[in-house]
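Here's the structure we're looking at; comments come further down.
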Amino acid sequence: MLNEDDFQRLGRLLNHLFLCTGVKFSLMDEQGRELYTSSFQAPFCRLIMQEQAGLERCLRCDRRAAEVVRKSRASMEYVCHAGLYEVALPVVERGETVATILFGQMIDEAPREEQWKRVSRCCSWYPDMEALHQAFLSLRRISSQQMTACREVALACVSEARLQGLQATNRRNDALVLQNYVDTHYMQPMDSDRLSRVLNVGKTKLYALCREHFQLTPMQMVARRRIAAAKELLLSTSESIRAIAGMVGIPDENYFTKVFKVHTGVTPRDFRKGSAPGQPPAEMGENPVNPSFDKEPKI
């Protein structure tokens, strides 16, 4: 399902499409509210919308087109209230229209003066027809093939935004799986190869996932979890440092002490002593993980 981030991506893609084609695109939600519109306005439409009556007509026309498309779930080409050509496209999710893409402010390849007759009838209420006619002459002309191409590329933008959203969701799900795995298996031998197999991804994706969601490398994540567990054991049990090292997955006591000090600023022994009743904590807080401990051996 498209979410807010997906609609923002879609808006950016439609803006890129406008920059490539010069055709104005808008995105409206299912209630007819504007989610995105390219800042460009054809001089003709700018004149129309400067008049309150024209602005109200434009808004009603857009909402009416969005309503028709929402119900039909099919694209529609139509002539707007001012006599210009417009296209409305539904964005459909699970059989329901969740948004509408509008593009237009254009005329077709028929002779301009023939089209001006249609436009002038539609805009007979406008107070300055000469100014409107001059603006009309600058309107973008688009062929039926170009109109079809714009429709197809706009729909491709929807697919791209949906795909990017799905990939982002998958990355979030992968991050949750990774976090849960580390939380429950930190006491076991672990390296980046094992984590890659758990997620069924390559190492490049694994490292990118960790950077995106945790700002750590995979083994920095493991080390952080092991040190957190070691702190709890140091404070809640009388087990030896050697035993605790083995319990959190680092059976080498010297290496464990080295890693612990990098993370906390003190040795495990000093951490335990400093946290005894009546004494100030010896812990100096979480320090940035030293990159030299990223390549933790599989032990």
Would you say that more than 12 heavy atoms from the other residues, nucleotides or ligands in this model lie under 6.0 Å from the [atom1] of [X], or not?
| X | atom1 | value |
| --- | --- | --- |
| Gln215 | CD | yes |
| Arg118 | CZ | yes |
| Arg46 | CZ | yes |

If you take all heavy atoms of [X] and [Y], which pair is closest and at what distance?
| X | Y | value |
| --- | --- | --- |
| Ala175 | Phe214 | O-CZ, 3.6 Å |
| Ala42 | Gln105 | N-OE1, 2.9 Å |
| Cys150 | Leu17 | O-CD2, 4.4 Å |
| Thr100 | Ala88 | CG2-CB, 4.2 Å |

What's the spacing between [X] [atom1] and [Y] [atom2] if we round to 0.5 Å?
| X | Y | atom1 | atom2 | answer |
| --- | --- | --- | --- | --- |
| Leu195 | Leu178 | CG | CG | 6.0 Å |
| Arg140 | Ile107 | CZ | CD1 | 11.0 Å |
| Ile142 | Met147 | CD1 | CE | 5.5 Å |
| Leu216 | Arg211 | CG | CZ | 11.5 Å |
| Met129 | Phe136 | CE | CZ | 10.5 Å |
| Leu14 | Lys24 | CG | NZ | 11.5 Å |

Residue pair [X] / [Y], side-chain heavy-atom distance below 4.5 Å:
| X | Y | answer |
| --- | --- | --- |
| His81 | Glu86 | no |
| Val23 | Phe18 | no |
| Cys45 | Leu84 | yes |
| Ile244 | Arg272 | yes |

Note to self: For the residue pair Gln115 / Arg112, report whether a side-chain donor-acceptor contact shorter than 3.5 Å exists.
What the structure shows: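 No, Gln115 and Arg112 have no side-chain donor paired with an acceptor closer than 3.5 Å.
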For the pair [X] (side chain) and [Y] (backbone), establish whether a donor and an acceptor sit closer than 3.5 Å, ignoring hydrogens and angles.
| X | Y | value |
| --- | --- | --- |
| His213 | Leu209 | no |
| Arg141 | Glu109 | yes |
| Arg194 | Pro189 | yes |
| Glu114 | Pro111 | no |

Notebook entry, point to check: Do NZ/NE/NH1/NH2 and the carboxylate oxygens of Glu67 and Arg70 come within less than 4.0 Å?
Noted result: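 Salt bridge between Glu67 and Arg70, a charged N being under 4.0 Å from a carboxylate O: yes.
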Checklist line | Residues Ser75, Leu89; criterion side-chain contact (heavy atoms from CB on, under 4.5 Å); working and verdict | finding: CA-CA 4 Å; Ser75 61; Leu89 305 173; 3.4 Å; yes
Check: Does Val79 belong to the same Ile/Leu/Val/Met/Phe/Trp/Tyr cluster as Trp116, with side-chain heavy atoms less than 4.5 Å apart forming each link?
Finding: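 No; Trp116 is not reachable from Val79 via cluster members.
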Next item on the list: Can you label the angle between the Phe260 ring and the Phe256 ring as parallel, tilted or perpendicular, going by 30° and 60°?
Entry: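 Geometry flag for Phe256 against Phe260: tilted rings.
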Checklist line | side-chain contact (heavy atoms from CB on, under 4.5 Å) evaluation trace for Ser26 with Asp62 | finding: CA-CA 10 Å; Ser26 298; Asp62 287 349; 6.0 Å; no
Checklist line | Sole residue of Arg225, Arg224, Arg226 in salt bridge (Lys or Arg N to Asp or Glu O under 4.0 Å) with Asp183 | finding: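 Among Arg225, Arg224, Arg226, the one that satisfies the salt bridge (Lys or Arg N to Asp or Glu O under 4.0 Å) with Asp183 is Arg225.
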Next item on the list: Pick out which of Cys122, Cys80, Cys58 makes a side chain to side chain contact (heavy atoms under 4.5 Å, CB included) with Ile48.
Entry: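 Among Cys122, Cys80, Cys58, the one that satisfies the side chain to side chain contact (heavy atoms under 4.5 Å, CB included) with Ile48 is Cys58.
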